[in-house]
K.L.:
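Take a look at this one; I'll ask things after.
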Amino acid sequence: SAIVFSYCSWLGIRASGFEACQSFLLRAYLERDRRCRLICGFGHHTQGHSRLKGVCVFILKRCPFVLAYQSAAPKDGGTGAINIYLRKKT
């Protein structure tokens with residue numbers, strides 16, 4: 001059976017999307033999602049370094065209800081997407 005993720009695509013959004021990332025994570029947590037995916041892209045216009053992914057990782061490291069995160073499987077976006085696993089909301 002397939003694992004279902006809610007997701008947010010940041011393709012085309014500038015690195016100033018700090019609040020958008022926080023809002024997406026909070027909404028997923030409050031809706032009792034246990035998995036979500038942020039699609040941040042590969043950073044083709046920044047010599048292969050995704051600024052958005054850097055912003056996402058900065059937030060994920062500090063978010064109290066994030067259990068873990070990892071790059072998505074190649075078929076799901078690879079390093080251009082982040083799978084996020086959230087704590088169970090009590």
Side-chain angles (χ1 to χ4, degrees):
S1 68
I3 297 175
V4 177
F5 287 85
S6 60
Y7 74 94
C8 176
S9 176
W10 274 23
L11 298 177
I13 297 176
R14 302 218 184 270
S16 61
F18 192 88
E19 294 85 11
C21 181
Q22 289 179 316
S23 296
F24 171 72
L25 289 172
L26 182 60
R27 185 177 63 244
Y29 177 70
L30 293 175
E31 291 178 0
R32 292 182 159 73
D33 289 341
R34 298 297 307 279
R35 295 175 295 270
C36 56
R37 179 177 295 140
L38 282 168
I39 302 168
C40 47
F42 295 105
H44 292 295
H45 301 291
T46 55
Q47 290 75 40
H49 174 72
S50 174
R51 291 185 196 150
L52 291 175
K53 187 168 187 176
V55 169
C56 292
V57 169
F58 178 86
I59 293 167
L60 293 170
K61 285 182 177 181
R62 291 157 180 79
C63 187
F65 47 84
V66 171
L67 284 174
Y69 59 92
Q70 65 186 33
S71 291
K75 68 179 181 65
D76 296 321
T79 59
I82 306 170
N83 289 341
I84 305 162
Y85 303 90
L86 304 174
R87 294 188 185 283
K88 185 174 185 177
K89 183 164 176 6
T90 56

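Note that the structure is a prediction, hence the values are computed from the model and not measured. The basis for the numbers below is simple: all heavy atoms, side chains too, and nothing from hydrogens, waters or symmetry mates.
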K.L.:
Roughly how far, to the nearest 0.5 Å, is the CD1 atom of I84 from the SG atom of C63?
P.N.:
8.5 Å
K.L.:
Would you call N83 and R35 a side-chain contact if the rule is heavy atoms closer than 4.5 Å?
P.N.:
no
K.L.:
With sequence neighbours left out, which residue pairs that include part of residues 57-72 fulfil the side-chain hydrogen bond (donor to acceptor under 3.5 Å, both in side chains) condition?
P.N.:
K53-S71
K.L.:
How far does OH of Y29 sit from CZ of R34, to the nearest 0.5 angstrom?
P.N.:
9.5 Å
K.L.:
Decide yes or no for L60 and L25: does some side-chain heavy atom of the first lie under 4.5 Å from some side-chain heavy atom of the second?
P.N.:
yes
K.L.:
Strictly distance-based, threshold 3.5 Å: is any side-chain N or O of R87 a donor or acceptor partner for the main-chain N or O of P64?
P.N.:
yes
K.L.:
CZ/F24 to CD1/I59 distance, rounded to the nearest 0.5 angstrom?
P.N.:
12.0 Å
K.L.:
Quick one: list whatever passes ring pair (Phe, Tyr, Trp, His ring centres under 6.0 Å) with F58, sequence neighbours left out.
P.N.:
none
K.L.:
Check whether any side-chain heavy atom of L67 lies under 4.5 Å from a side-chain heavy atom of L86, and answer yes or no.
P.N.:
no
K.L.:
May I ask you to test the F65-L26 pair for a side-chain heavy-atom distance under 4.5 Å?
P.N.:
yes
